Amino acid sequence: MPRYDAQRIEPKWQQFWEKNQTFRVEFDPSKPKLYVLDMFPYPSGDGLHVGHPEGYTATDIVCRFNRMRGKNVLHPMGWDAFGLPAEQHAIKTGTHPRVTTLKNIDTFKRQLKMLGFSYDWSRELATTDPEYVRWTQWIFLQLFDTWYDPNYPWTGPDGERRVGKGRPIAELPIPADVRSQGDIAVRNYQDANRLAYIHEAPVNWCPALGTVLANEEVTADGKSDRGNHPVERRRLKQWMLRITAYAERLIDELEPLNWSESIKALQKNWIGKSVGAEVDFLVESQESRVKSQPEAQGLPSLGSDEWKSVRTKSGFPTTPEPNVIRVYTTRPDTLFGVTYMVLAPEHPLVDTITTPAQRAAVDEYRQKASLKSDLDRTDLAKEKSGVFTGGYAINPVNGERVPVWIADYVLISYGTGAIMAVPAHDERDWEFANAMGINVTPVVAPPDAWLIANVDMLGPFHSWHSVGDDPGKLANAVKDVVSSCEIMQDDFLSYIEIERRILHGDRVSEDDAVQLRQSYRIEPGCFKKAFGEYGTAINSGPYTGLPTAEFKTKITADLATQGLGKQAVNYRLRDWLFSRQRYWGEPFPIWHELDSHGEPTGMVRAVTDADLPVRLPEMEDFQPTGTPEPLLSKAPADWLYATAADGTKLKRETNSMPQWAGSCWYYLRFCDNKNSDRFIDPAKEKYWLPVDLYIGGAEHAVLHLLYARFWHKVLFDRGHVTCPEPFARLVNQGMILGEMEFNGLKHPLTDEWLSIKDKDLKWSTTSVVPVPTVEIASVYTAARYAPIDASQVEKSGDTWVLKDNPSIQVDARSYKMSKSRGNVINPDTVVKEYGADSLRLYEMFMGPLEATKPWSMAGVDGIFRFLGRVWRLVADDRADDIRLADAVQDVPPTPGQLRVLHKTIKAVTDDIERLQFNTAISRMMEFTNEFTSHDVRPKSVLSSFVLLLSPFAPHLAEELWQLLGHTTTLAYEPWPTYDPALLVEAEMEIPVQINGKVRGKVTVPKDADQATIEAAANAIDAIAQQLSGKTVVKVVYVAGKLLNMVVK
RNA sequence: GCCGAAGUGGCGGAACUGGCAGACGCGCUGGACUCAAAAUCCAGUGAUAGCAAUAUCGUGUGGGUUCGAGUCCCACCUUCGGCACCA
C-alpha cells in the first residue's frame, strides 16, 4: 500500500544528487550563465527558522527552472561565521567560538540539505576560513591603499564615463607645504586621505557587548541592534572607512538596478543627499564693541566691509578665517530672515566667541551636552535647550548683528556644525526662538491656503479657548494682546474677526486675504507654525518678489562672486566605523610603529601580502576588558609584537573587523573559492558577475547592501572587478508571522472579559471602575491580554467578538515569531511530519514572495494532500509494490487533455518568470484536479507535468519521473514548451452586459463576429426582458471578451 | 512629523496593460465508501430576500473619470515597515 511517503522518497534523492554531484557547476564561457544568490546566513545556535527556506526555495525554483532551460547556473551557499553570538556563548560556557561556529554550521548544513536545495556544495565557504580571511584582509589593504579623487575623469571597463575615482595612495598629490615639512608630514597627509583611516570621534560604545558599533547598528531608541543593550557616546580612536566619498555614486548607480523602488528609496534616504550653500558670517570682534582697536586677541582687524572686499578678491576659501562662522543651509534664500545663529556645543569657535559674562553658562551647557547620549538627546528633543554665547556675527547680506547661541539641536557631525537660524521658515528654529524669546522675521510669503489653514491670532497668548465668542472677554484679551504686540488695535480686531469667520467656515474674501498676508508680514507668531515650503520672497532687499527656487540660484551665485558663499552638497551618511573590540572577527593587517620607549608613534604600516592572512591568536579568556581596550590586546606577546626589517619595533592593531567585512565580498569568492593566487580570477569574475538574482530579507536594506556596494565600487575603481554594481536584481522576501491568534482583555481584579475598545483604560488595583489613562498613577494597572480559542469567537461586522457575549470585542491578528511568544515554527518539525516538498511548496503557496504573511499549519496540511493527489495521479496507492496507476497508459492524449497541459505549461512558465510561485502552484492544482477525474491518463502528459512540478517539489518529481520509466535525473531535462495554437478553444463564452451588469452569457464559435454575438444575445430571455421597453443607445464589443449594451 | 508598502469572503490569497470580483488552498455544511473510524472521492459555500428562476448590495471611506473601476484621478481613514532635531 505505497502511499505518498516523503520520508522514504526525500533522503533517497538527496543521496542521489550528492553521490552524482548533480548540481556541480563549472566555469564554461560557451554557455549562458545565471548567478542566483541567497543572502549569506549567520549560522546561529537556533538553526533555521521558517523564514530562511522562504527565500531559499524561491531561488532554488529559479535555479532548477533555468538549468532545465539550458543555463549554466551558479547557486552557492556559505556562512557569515564571525560575529558576536558565538563569542557571547564563549563568555558564558568557555567554549571557543570556533567550536561553536563549526557546530552551528553543521546544523545549518544538515537542515539545508534536508530541504533539497540544489546548491553546488563544492563552493561552500565560511568567512572564518583562514584562506577567506586572507582575502578579506587583502581587500582592506586595498581600501587602505586608496584615496578618492573627486575630480578625476575616467571611463570604466563598463564603458561609462565618470568623474571621481578611488586611486592608489602613491598617486596622491602632496602639497608643497606638506612636502617641505618632511617625510612624517607626508605620511600623515597620506594617512588622512586614505579610504581606511584612524579617526578620533564620539562613537557608539556598548558596554554590554564590549565593543563600539556603527551608526547603522544602533536603533532609533539608542539600543544595540543585536541584543538591545544600551549604547553610550565616547570619544575614541577608531578605524573608519570613507564611504561618504562614494555617496554620490551610491545614489546615482542605484537608479538602473532592478531593485524594488522602496529599497532604493530606503538607501537614498539613508544616504540623505541635500543640496544647499555654505555661507560665511564674520564674527563681530568683541573688542570693537568696547574700544576702537580691534587688533587685540589676535583677531584680524577687518571690519565687515573691509572683510567683504578682501573676500571679493580672494574668493571663497577652503577653510574660513578663525573669526568666521561657516554655516550650511539648504535655504540661502532665507538669509534675510536670520535672527540668530547656533553653533554645535562641540564647535571649535565656541571658546573664542563666548563673552566673559556668558562663559560660565556656556561651559556648563557644553559639559551637560557632552555627557548626553543620543538617547538623552532624543528624550529631551521636545524641549529645545541652548545658551547665548554673548557673541554676535554680521549677516553678510544686510550687515545686521546676529546673536550667536550654542544648542545641542545642532549636530557637530553634519554640515559645518553651525547654522544660520531662520525661525520663520524652519520648524526647529521656530521652536527654539519661541522658547528663547527670539525675534521671528518672515521672508517668504506663504500661499493664502496656508495662511487660512494656520491662522491663530491669539495663539501666542494662549487665550483663544478661554475667550471663545464672548465679546467682553474678547475685548480684554485684545487689550492684553495689543499691549504686547506691535500691530494696531483696529487692525488686530479685524484680523480676529477674519479668523472667527474662517473658523466658522465662511468663505474668505479677497479683502480678508489681503489682511491675512499683511498680518503674516508683521507678526508671523499669529500663525500656528513655521512656513517651511517654497513661496515668494518678502522683506529680502533686492531679491524681494522672487520665487524661492530662483532666489536660491541667484543668491548662491551672488555670494560666490563675492567670495562669501558657495554651493555645497551634504549627506546624512557618515563614514563607516569599522573597528570592533572583540575577538571573533578578522584581525586588521596593520602594524603600529613604536618608539624606543615602546609607545606608538602614530605611524602605521600595512602587513605585506606575503604575510597574509593575519590569523587570530589562540586565546582562552574571552571576557570583555570592561573598557574600550580591545580583547586582542590581551593576546600573547609573540603575536602582538615584532621588529621590522628596518629595525622599527612594531605592535599589531588589536581592534578586529566588524561582521559586515566578510559579507561585503562573499559573492565574489563563490565564483572562484579555491583560488590561492587571487581573491577571484578575472575571467571568472567577468563571466559570473554581476549576481543576476539576489533574494533575502529587507533587514539588510541599508547595512549589508550599502557596505557591499561600497567595497565593490572601490574594487571597481582599482581595476579588480569589471562591473560597477554587484547585484543586478534584488528581491526582498516578506516576513513570515506566527499563526493567527485571538486575544481578549481580562479585568485585573475580577477576571471578567473586557472589550478591547477599552484597552486605553486602566484599572485601580482596588476598584473595579476603570479610569482614563491620563489619570494613571502607579496604583492603577492595565488589563491583561489573555488568549482565546478560535472556537469561542465570531466575526461581527468589522470586528471579532466573543460568541457568548458579542459586546466584548477581541483582538485578532498574527504576531512576529518569537521565542517569548512561543509561536515559532521549526522547519525540522514540519519536515518530519510532512516532508521537505510540502514545506517548500507551502512556503511558496502562502502568498506573494514579497508580502508579509501568517503561518498556518492547516495550510501545510492542504499542500500535503495536494502532493498526495499528485502521487495517486501517477502511482497506484493500493498495490503492494510501487508501480504506475492503471489509468496511466502509453497512449496519445486527447485534444482536450493536450489543451489543459499546454495551458498549464504556459501558466507555470510565465508565473516562474515573474516569481509568482503561489499562482504557479494553483495552476498545477487545477491540472491535478482535472486529470484525477480522467480514467485514462497519457504517460507523455504526466511526464511533462512532473517536469513542471520538479522545481517546486524536486524529490517527489524525481521519484515520479523514475516511476514513469525515465532512467536519468530530470534536473537537466528540457523544460516543457507550449504550442500557442493548442491553447485556443473552439468556442468562446461571451458575457452579455446591460449597462455594465452581466445579465447573461452566450457561447459562440471562436471566430464569431459582433453581429452574430448580438443576435445570440438578443435571443436570451433574460436579455430580451431587460431590453423590452428600452432603447439601445450604444453597443460596446470587446473582441473575444464581452458585449455591453447601453440602454435607456 | 517625513519616506515606503498594504487594506478584497470566516482565513491565506487570485484577477496580465480598466472588461464575468472571489481562481487555488484552508475552514465549514451535506453526501458516497466503511461494521465504524481514518484516509479518499463527490457536491455546496460573499451578504440579503425568495421554494425557485432571479433581484439588490458588495474589493478601507467619500468624491470623480468611463459604456464599464478592486484596477485610473482627487481627498481622507487604518495597519505594517523604515527614518527621525541632518539645517
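Only a predicted model underlies this, so the values are computations on that prediction, with no experimental measurement involved. Numbered from 1 within each chain, the chains take letters A, B, ... in sequence-line order.
By the 4.0 Å N-to-carboxylate-O rule, A:Glu431 lies close enough to A:Lys384 to be salt-bridged with it. Ion pair A:Lys268/A:Glu255 flagged as a salt bridge, since at least one NZ, NE, NH1 or NH2 atom sits closer than 4.0 Å to an Asp/Glu carboxylate oxygen. Between A:Asp333 and A:Lys552, none of the side-chain N atoms (NZ, or NE/NH1/NH2) sits under 4.0 Å from a carboxylate O, so this pair counts as no salt bridge. Under a 4.0 Å N-O distance rule, the pair A:Glu741/A:Arg821 qualifies as a salt bridge. Ion pairing between A:Glu54 and A:Lys853 holds under the 4.0 Å rule for side-chain N and carboxylate O.
Stacking of A:Arg937 on the aromatic ring of A:Phe931 is not recorded, the 6.0 Å distance cut-off and the 45° axial limit not both being met. With A:Trp270 as the aromatic partner, A:Arg572 meets the cation-pi criteria of under 6.0 angstrom to the ring centre and within 45 degrees of the ring axis.
For the OP1/OP2 pair of B:rG12 and a distance below 4.0 Å, the side-chain nitrogens and oxygens of A:Lys853 include no atom meeting the criterion. Look at A:Lys529 and you won't find any side-chain N or O under 4.0 angstrom from OP1 or OP2 of B:rG1. In terms of phosphate contacts, A:Arg3 brings no side-chain nitrogen or oxygen within less than 4.0 Å of OP1 or OP2 of B:rU40.
Glycosidic conformation of B:rG9 is syn; the angle stays within 90° of 0.
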* Decide yes or no on side-chain contact (heavy atoms from CB on, under 4.5 Å) for A:Ile419 and A:Trp405, but give the supporting numbers first. => CA-CA 10 Å; A:Ile419 63 155; A:Trp405 290 62; over 6 Å; no

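Pairing for B:rU17 is absent, with no Watson-Crick or G-U wobble pair whose two atom distances lie under 3.5 Å. With a cut-off of 3.5 Å on both Watson-Crick or G-U wobble distances, the partner of B:rC24 is given as B:rG12. If you check B:rG7 for Watson-Crick or wobble pairing at under 3.5 angstrom, you find it paired to B:rC77. Across all strands shown, B:rC41 forms a Watson-Crick or G-U wobble pair, both distances under 3.5 Å, with B:rG31. When Watson-Crick and G-U wobble pairs are counted only if both distances are under 3.5 Å, B:rU66 pairs with no nucleotide at all. In a base pair of the Watson-Crick type (N1 to N3 plus N6-O4 or O6-N4) or a G-U wobble (N1-O2 and O6-N3), with each distance short of 3.5 Å, B:rC2 is matched with B:rG82. In this structure, B:rC51 makes no Watson-Crick or G-U wobble pair, since no nucleotide meets both defining distances under 3.5 angstrom.
Atom NZ of A:Lys803 and atom C1' of B:rC28 are 11 Å apart (whole Å). We find that CG of A:Leu841 is positioned 15 Å from C1' of B:rG12, with the value rounded to whole Å. Rounded to whole angstrom, the span from the CG atom of A:Asp876 across to the C1' atom of B:rU40 amounts to 14 Å. Counting to the nearest Å, the C1' atom of B:rA87 and the NZ atom of A:Lys384 are 12 Å from each other. Between the CZ atom of A:Arg999 and the P atom of B:rA55 there is a distance of 5 Å, given to the nearest Å. Rounding to whole angstrom units, CD of residue A:Glu431 and P of B:rA87 are separated by 16 Å. What separates CD of A:Gln916 from C1' of B:rG13 is a distance of 12 Å, to the nearest Å. We find that CD of A:Glu794 is positioned 17 Å from P of B:rG9, with the value rounded to whole Å.
Rounded to the nearest Å, the gap between the C1' atom of B:rU71 and that of B:rU59 is 10 Å.
Across all strands, A:Gln267 comes closer than 4.0 Å to no nucleic acid atom at all (heavy-atom distances). Nucleic acid contact class of A:Thr932 (heavy atoms, under 4.0 Å, all strands): none. Here A:Trp800 lies in heavy-atom contact (under 4.0 Å) with sugar-phosphate atoms only.
Taking only side-chain atoms of A:Thr330, from C-beta outward, the nucleotide of B:rA87, B:rC83, B:rC11 with the closest atom is B:rA87. Which of B:rG13, B:rG4, B:rA87 sits closest to the side chain of A:Ser262 comes down to B:rG4.
With contacts defined as side-chain heavy-atom distances shorter than 4.5 Å, the pair A:Phe742/A:Arg813 does not qualify.
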So which protein nitrogen or oxygen atoms get under 3.5 Å of nucleotides 73-82 of chain B's nitrogens or oxygens?
none

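Side chain of A:His425 to backbone of A:Val444: a donor-acceptor contact under 3.5 angstrom is found.
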* To do: If a protein heavy atom is under 4.0 Å from the base, mark B; if only from the sugar-phosphate, S; if neither, -; do that for nucleotides 18-26 of chain B going 5' to 3'.
  => -BB--BBSS

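Both A:Ala851 and A:Ser413 sit near RNA chain B, but only A:Ala851 has its closest nucleotide nearer the 5' end. Toward the 5′ end of RNA chain B lies the nearest nucleotide of A:Pro854, the other residue of the pair A:Pro854 and A:Ser274 mapping further downstream.
Under 3.5 Å, the side chains of A:Asn1044 and A:Tyr1037 contain no donor-acceptor pair of N or O atoms.
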